[in-house]
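Structure record follows, encoded as structure tokens.
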Amino acid sequence: MNKRLEKLREQTRSGFYHQFRTQSADFPALEEKCRGMSDYQAQAEAFKYFSSVEKPVIIPGEKLYFTRTLGIVIPRIRGGYVLENLSPDYSILLKEGLSGRINVAEKELAKSNITAEEKDFLTAAVSMMRDTLAFSERYAVAAEEAGENEAAELLRRVPANPAKTLHEALQSIIFINAMLRLSASSHLGFGRTDQYLLEFYRNDLASGRETPESARELLTEFFIMLSRDYDLYNGVQRGDNGQSMVLGGILPDGSNGENELTVLLMDIAADLAMIEPKINLRISKDTSHEVLKSAARLSGCGLGFPQFSNDEVVIDGLVKFGYPLEKARDYVVAACWEFVVPGGRDVPNLFAMNLALAADRAIRAGLKNGDDFDGICRRLPVEMKELFENIKEQRTKNLEFNSNPLFSSICPDCLENRHDLNISGGTHRNFGCHGCASSTAADSLAAVKKLVFDEKKIAPELLLEALEKNFEGFDEVRKLLKSCEDKVGCNSELADEMLKFVFDTFAKTLEETDVCRYGARVRPGTGSAMFYVLMTKDKNQPSYLAATADGRKEGEYISSSLSPAPGVKAAGMLSVLQSYSQIDYTRVCNGGPITMELDPVYFQSDEALEKMTEFLKAFHRSGCQQLQLNTLDADLLRRAQAHPEEYRDLIVRVWGWSGYFVELEKVYQDQIIGRQAFRG
């Protein structure tokens, strides 16, 4: 990085831009004004208000422009499920510009067969696009007043018109991303960035408009811009905001999509060492050694990304679920790991099932009623069905969706078909369900089979009493359970068999469920999101987990996504892959990564990077679905807890996203510190 970029990075991390957050909002007055309006009209009115309250900020020396002056997380004007965990189709924006999209909407408005609802939607879409362009013009005027004439010209060209250069493309994306946040959209990604920016990059270099160095500088500034206002975005924790970028992978025609930007964008992320954007790398049998080694190098920076998705496995699962092959090949990764297929509305985070709770209920009921182990196993699908029916009732009883005509304006066919994506637009609508605590569930079943029924070291009634009393006074029983070698990740045929059984049962339960509202089907997944904390620390959670038969006491964590249970010392990295390769991922296609914590020594030499590159190839060959690697030094993290002011820039992988360690709540910090790290 040159000195200008170093300054921008430091200003961003130090909160320099927060001084411009001087605007306030009168939300009660806005709510009153929107009373009686249709949802579309209310969304347009709210957007008009928030975009008018925002003030342009032009800072000399910068090349990309947008800084928030309204220092709040933008509230929703109406209730309902907000548009989130999606990536806008920036290729449409870059090819047509907002003026082109306005023309599309106005042509539809002029047709005689338009319905009142369609007219309402399109009118709101035009209003929001025009307000966006009006704000861009205000930015242009402010640039002129600041003597930044080139900036003014840039802001008048885009996002109104199709982008012609890399600079214009990046400015257009930055501006629209910011405006979508002002429309109360959240967890918005950037899709297949190395694909839709490639033409601009190549053309600029070929024409001499940019050099490799100047193009890299623009892209670096773009990355820095994504961290400027990240604290004003919705999320469970700061940093959980969905700014995910997808690189590489198979193209819709089946060819290899990696290109020169694939490596360049990963290298920029490594140089910057910031949490935005989160990089997701799609890999296939054709992914080059160079790309994988660059990804290994980025992993070694301790940022918790890239996250890796195994294309052949993912695409196969999406196609078997019902997506067309070409669209499945064009999937993107949502906020964390969930797969989103373009052209429709996937809602990947609607449900979460505690698999360990279902196993625990089956075990306790079986022990109480004198079942053999097969009898306990027969109870598992019954418990899962009951759990899911309760979850479905809670989450869909009053489920409504929150419209966003601005987002829909740059989605395929929404304007053309006169439908908001979040209401009734798109070619499909599916809901996702996380499968949480899978290793705890599998380890519990394995321990019961081995110690209660096979070796008869623990009497059924003794284990039941120990569980009900949270192992208080049952130290020997707990010691036997904890020391049982049949754990996921430990080369245990029994534990791996139980893992497969748990996920097969989970998948079958959701395959047999009635269609949810809006005609949606449910996609099972292998992730856990924040539930590894909520299901163990929040007793008000319907899926709260008490003591379990793997020796885990009430209040202790469950694993994050696919990883050995906390406290289990896995036999090795390949052993973990072996365990998770048993899962039939064609039946659990909502996503969810294997999560590994590694000592930094794994990345500290070229020889080490070569070994990690070979490990990534082994991951691909294993048939596993997703992988994320996090460098972990528990002693360093403890020092950061004690002296946060000294570790401002320390980054960790939390669940499917990366954040600054000292900005996390202690309950999340403690879970990360307690994870097993493979030592070099």
Side-chain angles (χ1 to χ4, degrees), residues 353-391 435-488 492-513 524 535-536 541-556 558-559 565 568 582-583:
M353 183 188 290
N354 190 336
L355 304 179
L357 179 60
D360 181 60
R361 289 180 175 180
I363 289 168
R364 293 185 189 225
L367 294 175
K368 184 177 182 180
N369 289 280
D371 291 359
D372 59 12
F373 186 69
D374 286 343
I376 289 175
C377 289
R378 285 192 294 272
R379 290 180 182 273
L380 187 63
V382 177
E383 296 293 347
M384 283 195 183
K385 182 176 181 180
E386 182 178 342
L387 268 179
F388 185 70
E389 289 303 317
N390 290 337
I391 294 166
C436 310
S438 56
S439 58
T440 300
D443 292 353
S444 296
L445 289 166
V448 170
K449 183 178 190 307
K450 182 174 183 178
L451 298 175
V452 175
F453 294 100
D454 292 350
E455 298 182 355
K456 303 187 186 305
K457 291 183 177 180
I458 305 175
E461 60 275 11
L462 184 64
L463 176 56
L464 181 59
E465 187 178 2
L467 290 171
E468 290 176 346
K469 293 184 178 179
N470 195 28
F471 297 107
E472 296 299 328
F474 293 86
D475 292 344
E476 288 302 314
V477 173
R478 185 170 186 243
K479 183 177 179 181
L480 279 172
L481 296 171
K482 295 287 283 185
S483 61
C484 178
E485 294 179 353
D486 291 288
K487 310 285 190 188
V488 171
S492 165
E493 184 177 343
L494 174 58
D496 293 352
E497 178 187 344
M498 291 297 100
L499 181 73
K500 185 179 188 306
F501 170 60
V502 166
F503 273 116
D504 284 347
T505 306
F506 176 48
K508 191 171 188 293
T509 299
L510 298 193
E511 289 163 0
E512 293 176 349
T513 190
M535 289 175 174
T536 58
Q541 273 279 325
S543 293
Y544 178 75
L545 188 63
T548 48
D550 60 342
R552 179 194 145 274
K553 296 186 74 171
E554 182 176 357
E556 293 180 350
I558 52 178
S559 57
V568 172
Q582 306 304 309
I583 299 171

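In this chain, numbering begins with 1 at the start of the sequence shown. Predicted model only: the values in this text are computed from it and were never measured.
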Heavy-atom pair with the smallest gap, counting every atom of [X] and [Y]:
{"X": "L467", "Y": "F471", "answer": "CD2-CZ, 3.8 Å"}
{"X": "V477", "Y": "A466", "answer": "CG1-CB, 4.1 Å"}
{"X": "G555", "Y": "Y544", "answer": "N-OH, 4.2 Å"}
{"X": "A446", "Y": "A495", "answer": "CB-CA, 4.1 Å"}
{"X": "A362", "Y": "I376", "answer": "CB-O, 3.7 Å"}
{"X": "A547", "Y": "N470", "answer": "CB-OD1, 3.5 Å"}

For the atom pair [atom1] ([X]) and [atom2] ([Y]), what is the distance rounded to the nearest 0.5 Å?
{"X": "L451", "Y": "C484", "atom1": "CG", "atom2": "SG", "answer": "4.5 Å"}
{"X": "K487", "Y": "M498", "atom1": "NZ", "atom2": "CE", "answer": "14.0 Å"}
{"X": "D504", "Y": "T509", "atom1": "CG", "atom2": "OG1", "answer": "10.5 Å"}
{"X": "D550", "Y": "D486", "atom1": "CG", "atom2": "CG", "answer": "12.5 Å"}
{"X": "E476", "Y": "R478", "atom1": "CD", "atom2": "CZ", "answer": "12.0 Å"}
{"X": "T505", "Y": "M384", "atom1": "OG1", "atom2": "CE", "answer": "5.5 Å"}

Do [X] and [Y] come close enough that some side-chain heavy atom pair is under 4.5 Å?
{"X": "I558", "Y": "R552", "value": "yes"}
{"X": "I363", "Y": "S444", "value": "yes"}
{"X": "L357", "Y": "E383", "value": "no"}

Tell me, with the steps shown, if T440 and T548 meet side-chain hydrogen bond (donor to acceptor under 3.5 Å, both in side chains). CA-CA 8 Å; T440 300; T548 48; 5.7 Å; no

For [X], does the [atom1] atom sit with more than 12 other heavy atoms under 6.0 Å from it, leaving out its own atoms?
{"X": "E512", "atom1": "CD", "result": "yes"}
{"X": "K482", "atom1": "NZ", "result": "yes"}
{"X": "E455", "atom1": "CD", "result": "yes"}

Between R364 and D360, is there a side-chain N and carboxylate O pair less than 4.0 Å apart? yes

Under 3.5 Å donor-acceptor, [X] side chain and [Y] backbone:
{"X": "N369", "Y": "D371", "result": "no"}
{"X": "E556", "Y": "K553", "result": "yes"}
{"X": "K456", "Y": "F453", "result": "yes"}
{"X": "D443", "Y": "V488", "result": "yes"}

Which is it for L462 and F474 under the side-chain contact (heavy atoms from CB on, under 4.5 Å) test, yes or no, and what are the steps along the way? CA-CA 9 Å; L462 184 64; F474 293 86; 3.6 Å; yes

Could you check R378 against D374 for salt bridge (Lys or Arg N to Asp or Glu O under 4.0 Å), going step by step and ending with a plain yes or no? CA-CA 6 Å; R378 285 192 294 272; D374 286 343; 5.1 Å; no

